[in-house]
Protein chains: 2
Amino acid sequence: MSKNIPEKVSNRLTLYHSIMVEYIEAGIETISSPQIAQRLGIDDSQVRKDFKLLNNAGKCRVGYMVKELKDSIEKTLGFSKTKDAFIVGSGHLGLALAKYDSFNSYGLNILALFDNDPQKIDIQVNNKQIFHISKLPNLVQRLGVEIAILTVPRQAAQQVADFLIESNIKYIWNFTPAVLKVPPTVKVWNENLMGSFLQFACKDIE
Amino acid sequence: MSKNIPEKVSNRLTLYHSIMVEYIEAGIETISSPQIAQRLGIDDSQVRKDFKLLNNAGKCRVGYMVKELKDSIEKTLGFSKTKDAFIVGSGHLGLALAKYDSFNSYGLNILALFDNDPQKIDIQVNNKQIFHISKLPNLVQRLGVEIAILTVPRQAAQQVADFLIESNIKYIWNFTPAVLKVPPTVKVWNENLMGSFLQFACKDIE
DNA sequence: ATTAAATCGTGATTTTTTTCTTGATTTAGT
DNA sequence: ACTAAATCAAGAAAAAAATCACGATTTAAT
């Protein structure tokens with residue numbers, strides 16, 4: 001783990017992982033690189049190169065063991081390392097993410113949500129409580145949480161981010177369209193929903 | 001438009017766009033490549049190369065006109081081209097996306113939602129109606145919709161995708177973790193939430 | 001007017017990523 | 001056993017992306 005896997009590779013690995021899950025459900029034990037490549041529309045040597053990173057040898061004329069591949073991907077991407085996180089902003093998106101149980105299988109554990117709207121406080125969402133944002137610094141410290149998932153409105157994003165940083169949050173997964181200003185000690189991942197989609201949609205929709 | 005802008009560039013362009021919006025709100029009229037580069041942690045020549053694609057000349061010692069840049073980005077990424085879409089799957093994520101008004105400013109227009117749960121039918125979400133999935137083929141044809149946003153559970157994903165394809169949907173924005181099998185005439189964009197995040201989160205969280 | 005600093009534009013360089021190629025290996029069929 | 005087809009492995013080549021470097025230009029300061 002932490003071999004500093006490039007983003008593109010990590011992306012492909014999760015796609016491979018989904019295919020492995022599907023194959024296991026279907027009771028298929030081996031899979032070949034051309035099979036995977038065709039499914040994803042990429043080159044089969046690309047797939048083999050990626051698997052090389054996992055130190056997972058295949059067998060000529062047969063392919064790779066599905067179960068082993070799945071395990072290596074999980075190990076490499078750290079699915080089993082639990083990563084605690086808070087969702088900050090309990091609007092539609094925040095609530096949807098709180099209810100999105102798939103996060104758990106990737107090791108992302110949502111502990112609680114926050115909002116500044118008094119109406120939302122103390123509501124339970126998928127067994128997670130919504131707290132007033134003022135409670136955040138204390139909970140960050142007590143629970144040692146380093147990751148915040150930011151789902152507040154764009155206008156509030158920077159201000160809330162500043163507050164998170166003050167509260168000692170180290171990683172911000174930014175679902176807002178704002179480009180946050182942060183010190184170098186804090187890492188931001190911009191989840192740029194539209195960016196990639198526009199590319200996809202505009203390539204040939206004229 | 002459709003200069004076949006690489007995904008990475010398109011991603012950066014949306015980030016630049018957000019910064020432009022911020023600058024306009026702040027009443028700042030010019031912006032320089034080092035300013036932007038520092039904000040995003042990238043090289044300033046990279047920013048200039050990207051702007052080169054927009055045919056938007058800067059001025060030495062001054063920078064670029066914020067308003068012009070914003071307009072060029074919008075034109076290049078096709079914000080003004082309305083792209084109609086259906087949301088298929090009215091669970092938490094589908095509903096959250098239906099309520100996510102930012103889509104509109106990028107030209108993505110959600111016309112309606114679909115589900116197979118009779119309890120959800122006819123509910124209005126952000127002025128969009130939820131229809132039974134059986135109504136989809138007809139509406140695709142009548143409204144000429146080509147894009148579907150797939151937010152059903154993983155187990156149902158392939159089956160629903162097959163139905164969409166039969167119904168003549170051409171672009172699937174796939175929010176499920178399933179890797180869909182589609183014919184070459186249909187394009188899938190996998191919104192791989194966890195893929196990129198894992199990379200971000202695991203790089204130094206050990 | 002002169003100088004210094006900031007910035008653009010762009011060609012060259014480097015790095016990264018992808019694709020191509022070839023040889024070795026394994027399996028299945030004859 | 002022999003042959004043919006599928007597949008992996010790994011190095012070479014090509015393509016794409018990012019960074020570097022430097023001359024030209026503009027502005028501000030002296």
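Residue numbers begin at 1 in each chain, while the letters A, B, ... track the order of the sequences.
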(request) Just compare C:dT10, D:dC20, C:dT17 and give me whichever is closest to any side-chain atom of B:Asp43. (result) D:dC20
(request) Using whole Å, report how far CD of B:Gln35 lies from C1' of C:dC8. (result) 14 Å
(request) May I ask you to decide if the ring planes of B:Phe51 and B:Tyr64 are parallel, tilted or perpendicular, using 30° and 60° as cut-offs? (result) perpendicular
(message) The side chain of A:Val62 is closest to which nucleotide in this list: C:dT18, C:dT26, C:dT10?
(response) C:dT26
(request) Let me know the distance between CG of A:Leu53 and C1' of C:dT16, rounded to the nearest Å. (result) 13 Å
(request) Quick one: label A:Ser32 by what it contacts on the DNA or RNA (base, sugar-phosphate, nothing), any heavy atom closer than 4.0 Å. (result) sugar-phosphate
(request) Can you tell me the distance, in whole Å, between the CD atom of B:Gln46 and the P atom of C:dT7? (result) 18 Å
(message) Side-chain N or O of B:Lys52 versus OP1/OP2 of C:dT10: is the shortest distance under 4.0 Å?
(response) yes
(message) Of the options C:dG9, C:dT27, D:dA17, whose atoms approach the side-chain atoms of B:Pro6 most closely?
(response) D:dA17
(message) I need the NZ-P distance between B:Lys49 and D:dC20, as an integer number of Å.
(response) 12 Å
(request) Report the distance from atom CG of A:Asp50 to atom C1' of C:dT17, rounded to the nearest whole Å. (result) 10 Å
(message) Let's go through B:Lys83 and B:Glu146 carefully: what are the C-alpha distance in whole Å and the side-chain angles of both, what is the deciding distance for side chain to side chain contact (heavy atoms under 4.5 Å, CB included) to 0.1 Å, and is it a yes or a no?
(response) CA-CA 8 Å; B:Lys83 297 162 281 291; B:Glu146 295 196 307; over 6 Å; no
(request) Choose from D:dA18, C:dC8, D:dC8 the nucleotide whose nearest atom is closest to any side-chain atom of B:Pro34. (result) C:dC8
(message) Restricting to non-hydrogen atoms, name the atom on A:Met194 and the atom on B:Trp173 that form the minimum distance, rounded to 0.1 Å.
(response) SD-CH2, 4.0 Å
(message) Using the side-chain heavy atoms of B:Cys60, tell me which of these nucleotides is nearest: D:dT25, D:dA10, C:dT18.
(response) D:dT25
(message) Rounded to whole Å, how long is the line connecting atom CG of A:Asn55 with atom C1' of D:dC8?
(response) 15 Å
(request) Look at the side-chain N and O atoms of B:Lys8 and state whether any lies under 4.0 Å from the OP1 or OP2 oxygen of C:dT17. (result) no
(request) Measure across B:Ile147 and B:Asp84 and return the closest heavy-atom pair with its distance rounded to 0.1 Å. (result) CB-O, 3.7 Å
(request) When you get a sec, tell me which of D:dA28, C:dG9, D:dA18 is the closest nucleotide to the side chain of B:Ala57? (result) C:dG9
(message) Atom CD of residue position A:Gln129 - does it have more than 12 heavy atoms of other residues, nucleotides or ligands inside 6.0 Å?
(response) yes
(message) Between C1' on D:dA21 and CG on B:Asp44, what's the gap in Å once rounded to a whole number?
(response) 12 Å
(request) Kindly point out which of C:dC8, C:dT19, C:dT27 is positioned nearest to the side chain of A:Ser45? (result) C:dT19
(message) Let me spell it out: for each of A:Ile42 and A:Arg61, pick the nucleotide of DNA chain C with the closest heavy atom. Which residue's pick is nearer the 5' end?
(response) A:Ile42
(message) What is the distance, to the nearest angstrom, from the CZ atom on A:Phe51 to the C1' atom on D:dC8?
(response) 12 Å
(message) With a 4.0 Å limit, can you tell me whether B:Arg48 has a side-chain N or O closer than that to the phosphate oxygens OP1/OP2 of C:dC8?
(response) yes
